[in-house]
Each structure stands twice: as C-alpha cells, then as structure tokens.
Amino acid sequence: QVQLVESGGGSVQAGGSLRISCQASPYTCTGYCMGWFRQAPGKEREGVAAIDSDGNTIYKDSVKGRFTISQDNVKNILYLQMTNLKPEDSGMYYCTADMDVDVAADGWYGGYWGQGTQVTVSS
C-alpha cells in the first residue's frame, strides 16, 4: 500500500502559476509509475503528467510546455509545477503511484491515489 498526500492547490487567475506536491510513502518505481491526474466536474479523470525512476517525463498534449513534473527521490515528494494556467486546467488534481502509461495508445492508468488537491483558475 502506497500512501499519498497532496498539497499546494489553490485559486489563481489565468496566466498564473501554482506548484502542487505529493508526499509519498517509500515506493520502488519502475516505468512511468508516478504521476498526476486531474478531474473537472462532470468529466472523467485524465492523466496529466508522469515520471519514471530515471526522471523521464511524459505529458498530456494540452499541458506540454506549461506543466513540469519532477520528484525528490530523497524526500519521496512528487511535484507538478504549473505555469500559464488556463480556466480549463481547473479541477481536482490527484497524485498516483503504481500507475502506467501506454504511450502508443495514449492510455493513462492510475494505481494508488491520494485524496486530491483543488486547483481553480479564473478567467
């Protein structure tokens, strides 16, 4: 069982920035196994960014160039730096571990979940 606790969400205006964090219990990662999903009201949860144990990253097309996923392997903290935020980025952001990404099929699959942190971007 992997414990995940997100923090750092909030409200910003369009064009602003936020960094959200996820404190994870120690976990051995292989492949793209830690990442961030988000879910807007009335919509399905979608993968946003993932990172593997070597630091390789992958992003949903709509956030490329604006979001950066990173991790502190010593402290077991996962980050998502979000810049140039847009109203459509609003939603509950969830940290996930033991996830997988099918790059060829653009399939994102979550594993363990945190409780989520709310991000609201106003226009």
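Just so it is clear, the model here is predicted, and its values are computed rather than measured.
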Inter-residue atom distance [X].[atom1] - [Y].[atom2], 0.5 Å rounding:
X	Y	atom1	atom2	result
M99	W108	CE	CH2	5.5 Å
Q23	K75	CD	NZ	9.5 Å
I69	L80	CD1	CG	6.5 Å
Y32	D54	OH	CG	9.5 Å

Closest non-hydrogen atom pair between [X] and [Y], with its separation:
X	Y	result
D52	Q71	O-NE2, 3.0 Å
Y93	I20	CB-CD1, 3.6 Å
N84	S17	N-OG, 4.3 Å
V48	F67	CG1-CD2, 3.6 Å
S122	P87	C-CG, 4.5 Å

Problem set entry | Cluster overlap V12 with V63, hydrophobic side-chain contacts below 4.5 Å | yes
For this session: Give a yes or no on whether W36 and I77 share a hydrophobic cluster (residues Ile, Leu, Val, Met, Phe, Trp, Tyr; joining criterion: side-chain heavy atoms under 4.5 Å apart).
Result: no
State, yes or no, whether a side-chain contact exists between [X] and [Y] at a heavy-atom distance under 4.5 Å.
X	Y	answer
W113	L4	no
V101	Y109	no
N76	P26	yes
C95	F37	no
Q39	E44	no
V119	L18	yes
T68	Y79	no
E6	Q115	yes

Exercise. N56 and I51: side chain to side chain contact (heavy atoms under 4.5 Å, CB included), yes or no, with the steps?
Worked result: CA-CA 6 Å; N56 298 304; I51 190 167; over 6 Å; no
Exercise. Can you tell me if T96 uses its side chain to pair, donor with acceptor, with the backbone of G111 under 3.5 Å?
Worked result: yes
For this session: For the pair S90 (side chain) and T120 (backbone), establish whether a donor and an acceptor sit closer than 3.5 Å, ignoring hydrogens and angles.
Result: no
Exercise. If you count the non-hydrogen atoms of other residues, nucleotides and ligands that lie under 6.0 Å from CD in Q13, is the total more than 12?
Worked result: no
Exercise. Got a salt bridge between D89 and K86, using NZ or NE/NH1/NH2 to carboxylate O under 4.0 Å?
Worked result: no
Exercise. Between R38 and Y94, is NZ or CZ placed under 6.0 angstrom from the six-membered ring centre and within 45° of the ring axis?
Worked result: no
